[in-house]
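Position 1 is the first residue of the sequence, and the numbers go up from there. One-based numbering, in listed order, for ligands and for the atoms of each. Predicted model only: the values in this text are computed from it and were never measured.
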Amino acid sequence: MRKRLVAGNWKMHGTLQTAQQLLMAIAHANTEAILAVFPPYVYLPLCQSTLSGTPVHFGAQDASEFTEGAYTGDVSATMLKDLGCHYVIIGHSERRQYHQDTNEIVRRKCEQALSAHVVPIICVGETLQERETHRTLPVIQEQVAIVQQLKDNCASFGEIVIAYEPVWAIGTGKSATPEDAQTVHAFIRNALSTVDAQLGQSTQILYGGSVKPDNAAALFAMPDIDGALVGGASLNADHFLVIGRSCNN
Ligand code: PGA
């Protein structure tokens, strides 16, 4: 049985004070699902001090494709590990869109994460235009294809999470229907199984894109949806916890 995971992507929001309040409010939450938060880099030390000894994990929103060196502004996966990050989000559509993270760069970032023993949450998803031109599955297929290379290059390739986030659903209030999301999740699981049967069984596949307290339970009822990557609603502790509890099974 795959453990459920509810991950909160704070994006570039908050202050030291609001970050502290949010962390305190969720630190001792009692949920069957694993909870994890992804604040901006600068608040990661706060996560380390506030969340240590609690069941809540934390991670970063990105990591460098390089191990170390003259890469101003970048943060390596090893540095994230040093701070206690369990996860790192890789290939979020906002990184793909605003920072030109290609599938190849996403693969390199995932390899850095895996070799630093930080679990990459690999984001995939189609744009509205791709959906309307019936290219959802080919686009997803191409994005998920990096997993074969991860298997070829990394001993710990099994330590990944996938997040299916249709780009048109992110921050728009328009969520995919549970049935539409399930179709893509099953497709992803099948693609993972082709790489490695065990990987297909064990990998958590999260849904992301306007997950809210009122649509979470219906999404989590789908057999291949193992949790959520939550943006906007993760900035409100009550909403985040309601979503986390909707995931109890
Ligand atoms: P949203 O963001 O929940 O605000 O749509 C999801 C995400 O970008 O991970």
- Message: Parallel, tilted or perpendicular, judged at 30° and 60°: which one describes the rings of Phe38 and Tyr87?
- Response: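 Correct class here is tilted.
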- Task: Quick one: sort the His185 and Tyr164 rings into parallel, tilted or perpendicular, breaks at 30° and 60°.
- Result: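 Ring orientation of His185 relative to Tyr164: perpendicular.
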- Message: For atom 7 (C) of ligand 1, what's the nearest protein heavy-atom neighbour? Residue, atom name and distance, please.
- Response: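 Protein heavy atom with the smallest distance to atom 7 (C) of ligand 1: Glu165 OE2, 3.1 Å.
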- Query: Which residue supplies the protein heavy atom nearest to atom 3 (O) of ligand 1, what is that atom called, and how far is it?
  - Reply: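 Residue, atom and distance for the closest contact: Gly231 N, 2.8 Å.
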Counting each atom of ligand 1 from 1 as listed, which ones have a heavy atom of [X] under 4.0 Å away?
X      : result
Ala169 : 5 (O)
Gly171 : 1 (P), 4 (O), 5 (O)
Gly209 : 5 (O)
Ser210 : 1 (P), 3 (O), 5 (O)
Gly232 : 1 (P), 3 (O), 4 (O)
Ile170 : 2 (O), 5 (O), 8 (O)
His92  : 7 (C), 8 (O), 9 (O)
Asn9   : 9 (O)

Using a 3.5 Å cut-off on N or O atoms only, is [X] in polar contact with ligand 1?
X      : answer
Ala233 : no
Glu94  : no
Lys212 : no
Val230 : no

- Query: Quick one: do the Asn153 and Glu111 side chains pair a donor with an acceptor below 3.5 Å?
  - Reply: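 Yes, Glu111 and Asn153 have a side-chain donor paired with an acceptor closer than 3.5 Å.
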- Message: Ignoring hydrogens and geometry beyond distance, is a side-chain donor-acceptor pair present between Trp168 and Glu126 at under 3.5 Å?
- Response: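 The answer is yes; a qualifying pair exists.
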- Mind checking the CG-CZ spacing from Leu192 to Phe187? Nearest 0.5 Å is all I need.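 One gets 10.5 Å once the value is rounded to the nearest 0.5 Å.
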- Message: Rounded to the nearest 0.5 Å, what separates atom NE2 in His13 from atom OG1 in Thr15?
- Response: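 Between atom NE2 of His13 and atom OG1 of Thr15 there are 12.5 Å.
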- Query: After noting the C-alpha distance and the side-chain angles of Glu130 and Thr127, does the key distance pass the side-chain hydrogen bond (donor to acceptor under 3.5 Å, both in side chains) rule?
  - Reply: CA-CA 5 Å; Glu130 288 161 345; Thr127 62; 3.2 Å; yes
- Check whether any side-chain heavy atom of Cys247 sits under 4.5 Å from a side-chain heavy atom of Asp226, and report yes or no.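 Cys247 vs Asp226: side chains apart.
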- Item | Residue from Arg96, Lys109, Arg107 passing salt bridge (Lys or Arg N to Asp or Glu O under 4.0 Å) with Asp101 |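 In the set Arg96, Lys109, Arg107, the residue that makes a salt bridge (Lys or Arg N to Asp or Glu O under 4.0 Å) with Asp101 is Lys109.
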